[in-house]
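A short write-up of the structure that comes next.
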Amino acid sequence: EREEGKPLLIPVNHASNKSSGGTDPTYHSIPSSRFPDEQALLNTILSKTAHNIIDVSAADSQSMEQHEYMDRARQYSTRLAMISGSTQCKRVTSLPTLTSQPHQVLASEPVPPSDIQQVTKIAAYASSALSQIKVDAKEELVVQFAIP
Amino acid sequence: MASALTQGLERIPDQLGYLVISEDGVLASAGELENDEHAAGVIMRMVQTAVKLCMNGSAEPFLKRMSVVFGEHTYMATISGQKVFVVKRHNNPQEAVEV
């Protein structure tokens, strides 16, 4: 009997969920449905979302004092100077040594003309093949749904 | 001009000019490539790209020399001791190619 007396639609009276803004009307809870579990689930989703959303306009900025700001700026530039001063990361794009006899390598036989012709031909084939890439339309992009 | 760097290059048969380039700039230049910083820049970038293409994680680069072949002449480049050596050589008549 107690169950039967209980109203199906529970009147909504909750305060808005824990959002940083607080007064944003979109954060009011969802009116309940016939299934209390579903409402609980929906409210969980809502509160999770509200918790994850960062309302930039509503957030109060962490302001620093002027001298704190200057100190920190000085700290950072000191650290940067230390890093850029060290030669550690300088030669990241170093040139690998290909030979210990550069003059000999550069003086030796040029590439045979047959090799050049072969490479040129292959490149021409590749270029031609590339230019022939096209879309092969098999069917209409837009179709009408037949509604009987 | 560092003669140790360039002596060998001078003596290359049918050479029309050469460059020795480090990552900081041109160390030596002569002939048709004398003071050609533009060519040095282009060739340096080509070499750096070629080297990247070859190094697929293995320790050994498998290119020894890069050749840029034109109708009448060819640029050849290699790397040794952090320096790029470039020579511009005339193509011999029997080796003249249709590019």
Side-chain angles (χ1 to χ4, degrees), chain A residues 69-138, chain B residues 4-15 18-24 44-45 47-52 54-55 58-71 73-99:
Chain A
Y69 174 77
M70 296 298 286
D71 280 347
R72 205 174 282 198
R74 208 177 313 124
Q75 233 180 54
Y76 288 158
S77 40
T78 317
R79 281 195 214 167
L80 279 175
M82 279 177 12
I83 294 172
S84 54
S86 78
T87 49
Q88 244 182 347
C89 3
K90 243 191 178 174
R91 290 287 181 249
V92 176
T93 56
S94 68
L95 295 168
T97 290
L98 303 180
T99 175
S100 57
Q101 308 284 339
H103 304 154
Q104 193 177 315
V105 161
L106 294 181
S108 49
E109 285 299 304
V111 184
S114 54
D115 281 9
I116 308 287
Q117 272 158 12
Q118 184 182 36
V119 168
T120 309
K121 202 166 26 156
I122 292 170
Y125 278 139
S127 172
S128 158
L130 213 63
S131 68
Q132 288 173 48
I133 292 176
K134 61 178 167 64
V135 174
D136 190 9
K138 291 281 189 206
Chain B
L5 287 177
T6 62
Q7 219 169 29
L9 295 175
E10 291 270 7
R11 291 198 231 118
I12 291 176
D14 50 56
Q15 63 98 353
Y18 59 80
L19 284 164
V20 182
I21 319 164
S22 75
E23 280 172 327
D24 298 321
M44 175 60 111
R45 282 195 300 278
V47 165
Q48 283 172 331
T49 305
V51 158
K52 268 188 227 155
C54 289
M55 312 263 264
S58 67
E60 294 301 310
F62 41 99
L63 106 114
K64 220 181 194 185
R65 179 182 78 180
M66 182 185 81
S67 300
V68 186
V69 182
F70 291 92
H73 55 265
T74 299
Y75 295 91
M76 296 182 186
T78 188
I79 311 174
S80 186
Q82 302 291 318
K83 291 178 282 291
V84 177
F85 294 80
V86 184
V87 68
K88 180 177 181 180
R89 291 173 64 177
H90 181 71
N91 292 344
N92 289 333
Q94 72 217 48
E95 287 153 10
V97 204
E98 253 183 43
V99 182

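Chain identifiers are assigned alphabetically (A, B, ...) following the order of the sequence lines, protein sequences preceding nucleic acid strands; residue numbering begins at 1 within each chain. As the structure is a prediction and not an experimental result, all values here were calculated from the model.
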>> Is B:R11 in contact with chain A via its backbone, its side chain, both, or neither, using a 4.5 Å heavy-atom distance?
In response: neither
> chain A heavy atoms under 4.5 Å from B:T74: which part of the residue, side chain, backbone, both or neither?
Replying inline: neither
> With the threshold set at 4.0 Å, does a side-chain nitrogen-carboxylate oxygen contact exist between A:K138 and A:D136?
Replying inline: yes
> Highest number of heavy-atom pairs under 4.5 Å with chain B: which of A:H103, A:Q101, A:Q104?
Replying inline: A:H103
> Side chains of A:Q132 and A:S128: do they bring a donor and an acceptor to under 3.5 Å?
Replying inline: yes
> Which bit of B:M44 comes within less than 4.5 Å of chain A, counting heavy atoms only: side chain, backbone, both or neither?
Replying inline: side chain
> Looking at residues at least two apart in the chain, or sitting in another chain, which of them share a side-chain contact (heavy atoms from CB on, under 4.5 Å) with B:H73?
Replying inline: B:L16, B:F70, B:Y75, B:K88
> Among B:I79, B:I12, B:L9, which residue forms the greatest number of heavy-atom pairs with chain A at distances under 4.5 Å?
Replying inline: B:I79
> Relative to chain B, which segment of A:S108 carries a heavy atom at a distance below 4.5 Å: side chain, backbone, both, or neither?
Replying inline: both
>> Between A:L106 and B:R65, is the side chain to side chain contact (heavy atoms under 4.5 Å, CB included) condition met? List the steps.
In response: CA-CA 7 Å; A:L106 294 181; B:R65 179 182 78 180; 4.2 Å; yes
> So, the side chain of B:S67 versus the backbone of B:V69: is there a donor-acceptor pair under 3.5 Å, distance only?
Replying inline: no
> Going from NZ on B:K83 to OG1 on A:T97, what distance comes out if it is rounded to the nearest 0.5 angstrom?
Replying inline: 8.5 Å
> Measuring heavy-atom distances to chain B, does A:T99 have an atom under 4.5 Å in its side chain, in its backbone, in both, or in neither?
Replying inline: both
